[in-house]
Amino acid sequence: MSDTTGRDVAIRGGTVVDATGARDADVIVAAGTGTVVAVGPHLAKDPPAGTLVLDAGGCVVAPGLVDLHTHLREPGHEEAETVESGSRAAALGGYTAVVAMPNTDPPMDSAAVVRQVLDLGSTALCEVAVAGAITMGRQGTRLAPMAEMAALGVRLFTDDGNGVQDARLMRRAMEYASGVGVTLAQHCEDGALAAGGHMHEGEWSSRLGIPGIPAEAEELMVMRDIALARLTGARLHLLHLSTAGSVTMVAAARAQGLPVTAEVAPHHFTLTHAELAGYDAVFKVNPPLRTTADVDAVKAGLQNGTIDAIATDHAPHPQEAKEAPFDQAPPGMLGLETALSLALSELQLPIEQTLALLSWQPARVAGLNAGHGGPVTEGAAANLCVIDPADTWVLEAERLASRSRNTPYAGRKMTGRVRHTVLRGEPVVVNGEAQR
Ligand code: DOR
């Protein structure tokens with residue numbers, strides 16, 4: 001580690017890529033203001049004494065990544081993750097902002113808990129935004145005080161982990177959200193249809209004798225909520241979609257001009273239900289890993305613009321919990337430190353398109369686009385990541401910054417890696433190492 005605090009930063013020799021295109025340029029950042037002060041070729045040739053020079057040779061210099069779907073577990077499950085440890089994992093993964101999911105203990109269904117998480121986030125290694133709960137206790141019966149949470153800056157609301165089952169209540173939530181000017185994000189799962197299931201219902205669940213969750217459990221709620229978005233005019237974001245049918249419905253909704261956005265998680269474009277063959281709960285996740293046809297449809301949705309964002313659904317769980325018998329192990333897998341590399345390795349999209357899915361499009365959905373995902377220009381907030389697209393590496397679970405180890409990608413070879421991350425002008429990751 002070098003002393004990175006309070007020093008101006010020169011990012012030298014990279015290719016800047018943002019929503020406006022690509023150009024070879026150095027980027028100069030002022031520590032005091034946390035903003036980009038200049039972008040142009042050869043600016044960092046001879047930097048003033050005291051400037052911290054970050055080598056970006058062969059690298060892409062981009063707006064920091066934004067994760068719409070992170071479980072930070074604090075308050076309540078600090079044995080799995082804390083705001084600090086999760087934010088360190090995020091920074092190492094190239095993220096400068098994450099949206100913390102509300103299924104904490106207590107849940108984020110009041111201004112008090114939201115304030116607590118925002119306070120913890122104020123010293124974290126990335127910006128921590130909060131998604132508030134739609135209903136009290138995420139129980140799906142009474143609406144949470146969304147306006148009170150929106151007054152603290154909350155822009156997304158979800159009961160994630162649960163879908164809101166009652167269509168009438170969801171309609172009222174949408175009407176309320178529209179009035180407040182916020183977006184509802186749905187965990188699409190019909191609880192009755194999914195009940196008792198632990199993996200995708202299909203060939204592998206039959207073979208393994210594990211009760212399944214049919215694709216229709218997700219698709220029924222996608223269909224219902226698109227209909228409710230049409231009825232109410234509310235903005236709807238669909239979380240972690242996993243089936244071909246869901247992607248088709250989102251494309252149709254968009255073609256009709258409905259205000260619907262959608263995300264998918266890296267495990268849904270890299271893994272299938274065949275991974276469950278060994279009954280290893282590291283592959284247990286909700287929604288579950290699906291079929292090859294679903295993976296192909298999800299990839300096509302990312303390629304053709306139907307899907308707006310890649311979101312990690314980073315869901316840390318302690319080792320003991322994941323080692324419980326398969327039906328008792330909690331669903332969820334880590335994602336922050338592998339999402340970018342998996343996207344670069346598996347999707348083979350032009351770098352601008354990959355970054356759109358990981359940075360500026362999710363920034364817009366989260367309402368974070370004032371400080372994140374914006375073009376790298378003079379005066380912009382210096383929330384940046386520097387990516388070496390050619391760096392080939394093998395994931396070692398023991399080296400993850402997360403407090404948990406439940407990654408399904410241990411031992412996997414990937415191409416493309418974060419070299420540096422700059423948060424509000426401060427280099428929080430330098431040469432792949434967190435600075436605090
Ligand atoms: O697999 C999952 N894990 N899906 C969810 O919706 C919740 C998450 C968690 O919190 O562990």
Side-chain angles (χ1 to χ4, degrees), residues 67-83 85-86 89 98-109 117 130-131 133-135 137-140 156-165 184-191 194-195 197-200 210 212-213 217-218 221-222 225 237-243 246 262-268 270-271 273 275-276 280-290 311-324 326-336 338-339 402-409:
D67 189 25
L68 286 167
H69 200 141
T70 306
H71 296 276
L72 290 175
R73 303 294 190 225
E74 195 174 1
H77 290 287
E78 291 82 356
E79 74 286 3
E81 199 75 285
T82 62
V83 170
S85 66
V98 302
V99 180
M101 289 289 116
N103 61 340
T104 48
D105 189 9
M108 300 177 198
D109 62 0
V117 176
V130 162
I134 297 173
T135 69
R138 301 173 42 256
Q139 298 287 310
L156 275 185
F157 288 86
T158 178
D159 279 359
D160 183 57
N162 300 331
V164 177
Q165 302 299 315
L184 294 189
Q186 184 69 289
H187 169 113
C188 293
E189 182 178 32
D190 182 295
H198 296 287
M199 67 176 290
H200 174 67
I210 297 175
I213 304 172
E218 173 174 310
M221 197 169 280
V222 171
D225 280 9
H237 178 68
L238 300 168
L239 300 169
H240 49 42
L241 295 184
S242 65
T243 81
S246 295
E263 64 178 45
V264 298
H267 41 272
H268 289 127
T270 53
L271 304 170
H273 57 162
E275 302 284 353
L276 278 303
D280 185 346
V282 82
F283 296 104
K284 182 175 178 181
V285 65
N286 197 14
L289 302 178
R290 306 277 189 189
T312 65
D313 197 1
H314 178 83
H317 289 289
Q319 191 89 354
E320 314 82 75
K322 277 292 194 182
E323 281 169 2
F326 192 85
D327 59 336
Q328 290 158 40
M333 36 182 75
L334 302 182
L336 287 168
T338 47
S402 171
R403 278 205 176 172
S404 293
R405 290 289 168 267
N406 55 310
T407 173
Y409 301 110

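All ligand and atom numbering here is 1-based and tracks the order in the structure. Both backbone and side-chain heavy atoms feed into the values below; hydrogens, waters and symmetry mates do not.
Within the 4.0 Å heavy-atom criterion, the part of H240 lying near ligand 1 is the side chain and not the backbone. Neither the backbone nor the side chain of K284 comes within contact range of ligand 1; no heavy atom lies under 4.0 Å. Contacts between H317 and ligand 1, counted as non-hydrogen atom pairs separated by less than 4.0 Å, involve the side chain only.
Distances from atom 10 (O) of ligand 1 to the heavy atoms of N162, N103, L239 show the closest one on N103. Which of H267, R73, H314 comes nearest to atom 11 (O) of ligand 1 through a heavy atom is settled by distance: it is R73.
Contact annotation: P330 has no heavy atom less than 4.0 Å from any atom of ligand 1. At a 4.0 Å cut-off, not a single heavy atom of E189 sits close enough to ligand 1 to count as contact.
Looking at E218 and R290, a side-chain N of the basic residue comes within less than 4.0 Å of a carboxylate O on the acidic one, giving a salt bridge.
For the pair H268/L241, no side-chain contact is recorded, criterion being any heavy-atom separation below 4.5 Å from C-beta on.
In terms of protein heavy-atom proximity, atom 3 (N) of ligand 1 is closest to P331 O, 3.1 Å. Among all protein heavy atoms, the one lying closest to atom 6 (O) of ligand 1 is H187 CE1, 3.1 Å. Protein heavy atom in closest approach to atom 5 (C) of ligand 1: N286 O, 3.6 Å.
H69 pairs by the ring pair (Phe, Tyr, Trp, His ring centres under 6.0 Å) definition with H71, H240, not counting sequence neighbours.
Counted by atom type alone, H77 and E79 present one or more donor-acceptor pairs between their side chains at under 3.5 Å.
Considering backbone and side-chain N/O atoms, V285 never comes within less than 3.5 Å of an N/O atom of ligand 1.
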